[in-house]
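Side chains included, hydrogens not; waters and symmetry mates left out as well; all remaining heavy atoms used.
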Amino acid sequence: MSISKKYHIFLNISFLFIILSCFLLNTTTTTHLGRSSISHFLSSSHPFNCTNECCGGPHGLKGHKPNYSHLRSEDLYGPQGYIDYLYIFYCICGKWPVLGYLLLSLWLLVLFYLLGNTASVYFCSSLESLSSILNLSPTMAGVTLLSLGNGAPDVLSSIVSFMGPGSTGDVGLNSVLGGAFFVSSVIVGIISILVAPRGISIEKRSFVRDVCFFIIALSSLLVTLIIGRVVIWGAVAFTSIYIVYVVVVYAMDLRRMEDVETAPVNVDSLFPTDGNFFHCGSPELGYLSTPLLADTDKEPNLTPREASESDGDRRVITRCFVFNSYYFGCFLRFMELPLYLPRRLTIPVVCEERWSKPFAVISVTLAPVLLAALWNSQTADMGLKAGLLIYLTGGLVGMLLGVLAFFTTDRCGPPKRFLLVWLAGGFLMSVIWTYIIAVELVALMASIGDVLGISPSILGLTVLAWGNSVGDLIANVAMSLKDGPDGAQIAISGCYAGPIFNTLVGLGLSLIFSSWRAYPSSIPLSKDTSLFMTVGFLVGGLLWAVVVLPKRGMKLDRVLGSGLLAIYFCFLSLRLGQNIWAPLTNF
């Protein structure tokens, strides 16, 4: 099995282990307490008067550690996600804290995987098809749809952190800024160090443009944080900076295309003389030219009887091997279903490679039901009749869409008619799933912070930011090492264009939605003074790059990379030391 497949199976097994452990522990707790606890930790509106002795009772602190009742008494709004993790940790796993830590850690890995996998497999697939239909140039697709696909987890995590009741966006601000700092410093630093022996240079105009816009975005955010409040028009103005950035990128792209069209053509470059004119750039072709299971050893000469016996043995061994491989493959496919099937059954997928008419019909049928369930979960004061009416409406709409999909699609390939509607549906449902996972991830991060006594802003700055940036780290580093100067150029550009999008659009939309709910009043922003330190160090890293690179001929080298890594780890040490020192001084 490939490493990716092993990782998927491990996460699915972890998911099943979490479900089974919670069920068994809940059964034990129910036996002692005489009441059901499943509805308790799956509800976001339950009272906080837990009487289980494992939770510490209603008396605040027990053994100098916060317990469930104490933490919930300080949380006026209750759990923000769909699962009450504090209840699971203190009341269900109260006697086994190690198991509680294990369950939360595994569930954190599962959520990170779901967030990234949903964005890459479903979200980006819809965006790629939309880009083809809209006939966007590669540059425009990169700064719009590609940035949206890569930044979807950060954007939705930021929106979720701002939309909570009474929230000032601590987790969202630290997550977006922490991710931007990690990508623009650590990833750029690693790429610079790894490609330094090759002497690769990058384009100066694009680099200076991206860094300058990034500094403008951070300066605008810094002014907003200093003011401490924001109105809807200020939020719209902040987000509009990204529109200006897209216009500038488009204008430079047009200018570059004009220069290419007017430039003289080098005939020698069109007809290489190295004898490899018909060589295909795909590395897979070389491997497919020889059998995968080629046997280089010659078989010994056998008598007819020995040959017959040998062929019989081979047939038996081959039959057993195929039999075992078939059932083992079925088992592996079955183990991948828990995390795969719920999304596949609710997100329409119309790409050629993954098209399936049964899945398409089922997905458009169940998607409205999922939307109805999400709508009901977001409205706490909705009555029973109104909730049933929403479910009934979602079910009827789903049945109608399912019938239409059944009679208007073919089994052999994706639909040709109403393709834009299908892509829009897939895009919408992938956004919905990303939103659901982001809600749960932010709630889990807050609960882990309560359990460990760590500020949620620190978790957003480190764990959440790193988790959302791991994909950028792997993809950009691999691209810079594999594809030469062009790959390094694309990777470096992505390391700045992505954070610009996350900062302006992610935080901008969060501010717009929050201020729209409070209109015409303004909304308060986080009073976390460490945000100023984050912005300051982030701008310092950008200035280091924009000064060092031009002086060294725009070549990526160890001086640039070492400086960026030193700036990031210096900031991280100060930030973590500040978080450790503050409780000691208060004590």
To the nearest 0.5 Å, atom CG of Leu556 lies from atom CD1 of Ile492 at 5.0 Å
Arg575-Ser530 side chain donor-acceptor pair, cut-off 3.5 Å | yes
Kindly indicate whether the side chain of Leu564, heavy atoms from C-beta on, has any atom under 4.5 Å from the side chain of Val186.
-> no
How many angstroms lie between atom CG of Leu177 and atom CG of Leu218, to the nearest 0.5 angstrom?
-> 7.0 Å
d(Ile362 CD1, Thr346 OG1) to nearest 0.5 Å is 11.0 Å
Is any side-chain heavy atom of Leu560 less than 4.5 Å from a side-chain heavy atom of Arg552?
-> no
Heavy-atom side-chain contact between Arg344 and Ser356 under 4.5 Å = yes
Which value, rounded to the nearest 0.5 Å, describes the distance between Gln489 atom CD and Ser201 atom OG?
-> 10.0 Å
Kindly indicate whether the side chain of Leu114, heavy atoms from C-beta on, has any atom under 4.5 Å from the side chain of Trp433.
-> no
Kindly give the heavy-atom pair with the smallest separation between Leu461 and Trp466, and that separation in Å.
-> O-NE1, 4.4 Å
Might you point out which heavy atoms bring Pro415 and Val350 nearest each other, and give the distance in Å?
-> CD-CG1, 4.2 Å
Under 3.5 Å donor-acceptor, Arg517 side chain and Phe513 backbone = no
Closest heavy-atom contact between Ala372 and Gly394?
-> CB-CA, 4.4 Å
Do the non-hydrogen side-chain atoms of Val361 and Leu401 ever get within less than 4.5 Å of each other?
-> no
Calculate, to the nearest 0.5 Å, the distance between atoms OH and CG belonging to Tyr391 and Leu396 respectively.
-> 14.5 Å
Below 4.5 Å, heavy atoms only, C-beta onward: do Ser184 and Phe214 meet side chain to side chain?
-> yes
Phe207 ring center within less than 6.0 Å of Tyr496 ring center = yes
Minimal heavy-atom distance between Gly541 and Ile567, with the atoms involved, is CA-CD1, 3.9 Å
Among Phe181, Phe537, Trp544, the one residue meeting ring pair (Phe, Tyr, Trp, His ring centres under 6.0 Å) with Tyr568 | Phe181
CD1-CG distance between Ile215 and Leu538, expressed to the nearest 0.5 angstrom | 9.0 Å
Test log, rule side-chain contact (heavy atoms from CB on, under 4.5 Å), inputs Leu225 and Leu173 | CA-CA 10 Å; Leu225 292 175; Leu173 284 168; 4.2 Å; yes
Would you sort out whether Asp450 and Tyr85 count as a side-chain contact (heavy atoms from CB on, under 4.5 Å), showing the intermediate values?
-> CA-CA 10 Å; Asp450 290 334; Tyr85 298 104; over 6 Å; no
Shortest non-hydrogen contact from Ala217 toward Phe238 | O-CE1, 3.6 Å
Geometric class of the Trp422/Trp355 ring pair [parallel <30°, tilted 30-60°, perpendicular >60°] = perpendicular
Worked check of side-chain contact (heavy atoms from CB on, under 4.5 Å) between Tyr340 and Asn117 | CA-CA 10 Å; Tyr340 166 79; Asn117 183 258; over 6 Å; no
Side-chain donor-acceptor pair under 3.5 Å between Tyr245 and Asp210, yes or no?
-> yes
Would you find a donor on one side and an acceptor on the other, under 3.5 Å apart, between the side chain of Ser430 and the backbone of Phe427?
-> yes
Just wondering, do Leu531 and Leu525 contact through their side chains at under 4.5 Å, heavy atoms?
-> no
Looking only at heavy atoms, the pair that brings Ser185 and Leu565 closest together is O-CD2, 4.3 Å
Phe532 atom CZ: more than 12 heavy-atom contacts under 6.0 Å | yes
Can you tell if the side chain of Leu572 reaches within under 4.5 Å of the side chain of Thr462, non-hydrogen atoms only?
-> yes
May I have the step-by-step check of side-chain contact (heavy atoms from CB on, under 4.5 Å) for Val183 and Asn502, ending in yes or no?
-> CA-CA 11 Å; Val183 172; Asn502 295 341; over 6 Å; no
Sole candidate of Ser515, Ser522, Ser521 that passes side chain to side chain donor-acceptor pair (under 3.5 Å) when paired with Arg229 | Ser522
Out of Ile193, Ile187, Val188, which one pairs with Ile191 under the side-chain contact (heavy atoms from CB on, under 4.5 Å) rule?
-> Ile187
Within 45° cone of Phe359 ring axis and under 6.0 Å: Arg354 NZ or CZ = no
